[in-house]
Amino acid sequence: MAIDHKTRYTNKYMANTLVSGIKPSGSLHLGNYHGAVKQWVSLSDYTMFFMIADYHALTSPQALNKTAKYDMACDLIALGVHPECLFYQSDVPEHTELALLLSMITPLKWLERTPSFKDQLDKRSPDWITHGFLGYPLLMAADILLYRATHVPVGTDQLPHIELTREIARRFNHVYQTDLFPMPQPILNNTPVFVGTDGEKMSKSRDNILPVMGSESDTLDRIKQMKTHRLRRNDPGVPEKCSVFSYHKVYNPDFLSIKVACETAAIGCVDCKLTCAQAINTALAPARKTRATLSHSSLDAGAKRARLHAQETLTQVKDIMKL
Ligand code: SF4
């Protein structure tokens with residue numbers, strides 16, 4: 001009796017498999033940490049795969065920097081990401097092969113309508129509206145489906161990519177009459193955005209970052225330079241309008257005292273910033289100490305583990321597609 005795909009490929013990894021990734025933009029800043037990494041290390045009860053997405057980095061005009069890749073790996077490990085769950089995407093070539101195979105069933109219009117593509121159309125030079133850039137969400141779908149992930153931790157801006165992944169998985173399962181791919185669910189990160197020192201989204205290109213692994217003096221210098229709305233020492237402040245206070249709320253257990261002191265002008269901004277930098281430096285000291293002991297990280301163990309899972313899925317996909 002012929003065995004159909006549904007019977008042959010039961011979802012071995014159906015329960016609680018989680019995938020996420022981060023572009024290798026160099027040393028992590030606090031925006032990266034609060035936007036993704038803190039959530040990664042807080043999750044348990046999942047089979048986890050975390051990738052440093054170096055293929056994805058190539059969709060930007062800036063050249064990939066190997067030192068940046070290695071720095072990011074060391075930062076992530078120092079922050080508590082287990083090295084066996086962590087790998088460089090390009091060390092697992094099955095990502096690209098699955099992306100190619102999925103591209104055969106993905107309508108072009110699905111990719112053209114993704115918000116990240118539409119948003120960049122007017123901002124990028126036409127020479128950088130590349131095939132790879134259009135296919136970026138498809139590669140992301142392959143990143144997720146390769147591990148038959150059931151859960152993907154994301155920010156709200158990434159939800160359209162998860163929906164596209166689900167559409168691609170649904171279409172593959174329908175076209176090939178299988179249930180190989182589960183429908184991944186987003187795990188939303190509801191942490192408020194950790195803003196940059198200018199109050200905007202934290203980003204290296206805006207030069208408004210606080211590096212997670214920076215020195216104590218660097219953290220203090222960056223916070224000292226932040227602008228506040230109080231013109232004179234005796235002016236009462238409005239802490240909720242101040243980015244320094246938003247850092248206090250995260251790092252200073254005594255932030256309510258700062259709130260009152262600001263509102264009554266009992267504290268000046270210079271002292272308030274000093275307290276803020278001390279709170280951040282104290283919280284990050286253990287990770288910084290660990291980071292100082294790490295150098296270039298090969299992530300071989302993580303890649304080996306990831307490839308075992310990836311190869312199994314890819315073998316099944318190719319069999320289903322009659323390759
Ligand atoms: Fe901001 Fe602190 Fe100055 Fe208030 S006292 S405006 S919270 S830096």
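Values below: all heavy atoms of this structure, side chains included; hydrogens, waters and symmetry mates excluded. One-based numbering, in listed order, for ligands and for the atoms of each.
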Atom indices of ligand 1, in the order listed, that fall short of 4.0 Å to a heavy atom of F245: 7 (S)

C262 backbone or side-chain N/O/S under 2.8 Å from atom 4 (Fe) of ligand 1: yes

Nearest-neighbour protein heavy atom for atom 3 (Fe) of ligand 1, which is reported as residue plus atom name and distance: C269 SG, 2.3 Å

Flag, side chain of R230 to backbone of R233, donor-acceptor distance under 3.5 Å: yes

For atom 5 (S) of ligand 1, closest protein heavy-atom neighbour: R230 NH1, 3.1 Å

Ligand-residue contact atoms, ligand 1 with T228, heavy atoms, under 4.0 Å: 8 (S)

Quiz item: cation-pi between K259 and F245, 6.0 Å / 45°: no

Test: R305 cationic atom under 6.0 Å from F49 six-membered ring centre, within 45° of axis: yes

Flag if over 12 foreign heavy atoms under 6.0 Å of NE2, H131: no

H29 backbone acceptor or donor facing N32 side chain under 3.5 Å: yes

Per-residue contact class, C242 against ligand 1 - non-hydrogen pairs under 4.0 Å: side chain

N, O or S from C272 under 2.8 Å to atom 2 (Fe) of ligand 1: yes

Donor-acceptor contact present, side-chain R222 to main-chain T197, <3.5 Å: no

